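Predicted, not measured: the structure shown is a model, and the values here were computed from it.
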Amino acid sequence: MSTEHKPKPLPFAANFAAGAIAGISEILTFYPLAQVVEVKTRMQLDTSKSTAGLVGTFRNIIKEEGAGRLYRGLVPPLMLEAPKRAVKFAANDFWGKTFLGLAGESKMTQNISILTGCSAGATESFVVVPFELVKIKLQDKKSTYKGPMDVVKQVVQKNGLLGLHVYWNGGYFGSIYQVKALLPKPQTQKAELMNNFISGAIGGFAGTVLNTPLDVVKSRIQGTEKIPGVVPKYNWTYPALVTIAREEGLGALYKGFIPKVLRLAPGGGVLLLVVEFTLGVFRTALGPPYI
């Protein structure tokens with residue numbers, strides 16, 4: 001593969017379809033680990049300084065509420081997985097082209113890759129957040145909300161739509177750019193696929209490290225029972241970060257990190273691998289893959 005060649009630009013629809021296919025592939029690959037999401041949320045909703053840990057939390061959920069409880073709240077994110085990932089990668093492609101044009105650059109840079117990822121994350125948030133709110137409320141056994149639409153209506157009114165997809169995507173796409181630059185140039189398609197998986201997995205890890213504290217705060221804010229006339233303890237993102245760190249220690253900001261990264265690091269690798277492979281198929285089908 002000649003280094004002066006670059007992939008042929010593809011239409012928005014192709015990037016959207018590739019993201020959708022990657023999302024479906026990821027969820028099918030990691031479906032056995034889907035219950036880890038439930039454990040992660042429970043750990044983040046726990047305000048005590050001492051928790052049962054990953055295995056203990058798992059056991060407590062099954063003991064107290066039955067194994068079926070691990071699957072409650074998974075339907076909305078499962079239904080959204082394909083369009084969610086489609087939006088992520090299509091938006092990343094759109095913003096990448098936009099920022100390159102604005103900056104007068106012909107090739108992606110580290111700064112532009114981070115900015116592009118953050119912008120893609122903000123775009124994704126508008127699609128994903130309402131479904132994630134429903135999932136979290138269903139997972140919290142103290143929830144008093146009337147139903148999914150009541151959850152969306154009340155939480156969006158109080159907390160807005162933008163979430164931490166901005167931080168995760170910024171870390172994800174920014175790391176991918178840097179890791180790919182450090183890896184040996186692939187000489188075969190197999191090597192290229194492996195580079196994509198490694199880059200995506202490291203990007204998934206980096207994104208998880210960046211956004212886990214904010215994810216903990218999000219779960220606390222969204223899981224707090226709203227009492228008329230009473231200001232919630234966890235009401236705003238950054239003050240809540242300080243409150244949790246002061247009362248429970250800095251480690252509390254990484255509650256649920258292990259189950260989350262076990263899903264999102266390899267999941268990020270699968271996403272990038274499938275997206276790049278699918279885009280390669282589209283380029284070949286539409287003509288010479290490089291220009």
Side-chain angles (χ1 to χ4, degrees), residues 15 18-19 22-23 26-27 30 33 36-37 40-41 43-44 77 81 84-100 103 107-129 132 161-183 195-219 237-238 240-241 244-245 250-276:
N15 285 278
E26 182 207 13
I27 204 69
F30 294 99
L33 293 177
V36 169
V37 178
K40 182 265 296 187
T41 302
M43 292 172 71
Q44 292 176 348
E81 199 61 35
K84 170 183 173 180
R85 302 308 190 191
V87 169
K88 177 198 293 289
F89 284 95
N92 187 70
D93 179 71
F94 169 80
W95 289 115
K97 293 174 180 175
T98 300
F99 292 135
L100 283 173
K107 293 183 179 180
M108 184 63 68
T109 66
Q110 180 70 70
N111 290 337
I112 293 177
S113 69
I114 294 173
L115 178 60
T116 296
C118 290
S119 300
T123 305
E124 183 186 357
S125 291
F126 281 101
V127 177
V128 174
V129 166
E132 290 195 339
L161 279 172
L162 286 181
L164 24 124
H165 296 282
V166 172
Y167 298 91
W168 195 90
N169 281 281
Y172 180 66
F173 288 110
S175 296
I176 285 172
Y177 172 85
Q178 186 61 44
V179 173
K180 278 191 172 184
L182 295 174
L183 289 173
N195 277 11
N196 285 328
F197 179 80
I198 293 172
S199 302
I202 294 175
F205 179 85
T208 304
V209 169
L210 285 176
N211 90 333
T212 293
L214 296 163
D215 198 14
V216 171
V217 169
K218 182 193 73 170
S219 294
T237 300
Y238 296 104
L241 280 171
I244 294 171
L250 291 174
L253 294 174
Y254 278 89
K255 285 184 176 181
F257 175 77
I258 292 177
K260 187 179 179 188
V261 80
L262 284 174
R263 169 70 188 277
L264 294 178
V270 170
L271 276 176
L272 188 63
L273 186 155
V274 176
V275 163
E276 293 295 344

Task: Point-to-point distance, once rounded to the nearest 0.5 Å, from CZ of F89 to CG of L271 - done: 5.0 Å

Task: Spatial distance of atom CD1 (I176) from atom CE (M108) [nearest 0.5 Å] - done: 11.0 Å

Result block: side-chain N/O donor-acceptor pairs under 3.5 angstrom for residues 112-120, not counting sequence neighbours:
from: S113; atom 1: OG; to: T109; atom 2: O; distance (Å): 3.4
from: S113; atom 1: OG; to: Q110; atom 2: O; distance (Å): 2.6
from: T116; atom 1: OG1; to: I112; atom 2: O; distance (Å): 2.7
from: S119; atom 1: OG; to: L115; atom 2: O; distance (Å): 2.9

Task: Minimal non-hydrogen separation, A240 against V217, with atom names - done: CB-CG1, 3.6 Å

TODO: Kindly compute the distance separating CG (N169) from OG1 (T123), expressed to the nearest 0.5 Å.
DONE: 9.0 Å

Open item on the list: Quick check: closest heavy atoms across A90 and N15, and the distance to 0.1 Å?
Closed with: CA-CB, 4.0 Å

Open item on the list: To check you understand the geometry: which heavy-atom pair defines the closest contact between G171 and S175, and what is its length?
Closed with: O-OG, 2.7 Å

TODO: Can you see which heavy atom on K107 is nearest to which on L100, and at what distance?
DONE: O-CD2, 3.3 Å

TODO: Evaluate the side chain to side chain contact (heavy atoms under 4.5 Å, CB included) criterion for residues L214 and W168: first the C-alpha distance (whole Å), next the side-chain angles of each, then the deciding distance (0.1 Å), finally the verdict.
DONE: CA-CA 10 Å; L214 296 163; W168 195 90; over 6 Å; no

Task: pair K255-T212: side-chain heavy atoms closer than 4.5 Å - done: no

- [ ] Would you give the length of the straight line joining atom CG of L264 to atom CG of N211, rounded to the nearest 0.5 angstrom?
- [x] 7.5 Å

Open item on the list: Quick check: do V275 and K88 have side-chain heavy atoms less than 4.5 Å from each other?
Closed with: no

TODO: For F197, enumerate each residue passing the ring pair (Phe, Tyr, Trp, His ring centres under 6.0 Å) test, keeping only those at least two apart in sequence or located in another chain.
DONE: none

Open item on the list: For L253 versus A245, what's the shortest heavy-atom pair and its separation?
Closed with: CD1-CB, 4.2 Å

Task: Min side-chain heavy-atom separation T208-Y172 under 4.5 Å - done: no

Task: Residues that F99 engages under ring pair (Phe, Tyr, Trp, His ring centres under 6.0 Å), provided they are two or more places apart - done: W95

- [ ] To the nearest 0.5 Å, tell me how far L272 CG sits from I198 CD1.
- [x] 11.0 Å

- [ ] Kindly say whether V216 contributes a backbone atom to a donor-acceptor pair with the side chain of Y254 at under 3.5 angstrom?
- [x] no

Open item on the list: Can you tell me how far apart CD (E276) and CG (N195) are? Round to the nearest 0.5 Å.
Closed with: 11.0 Å

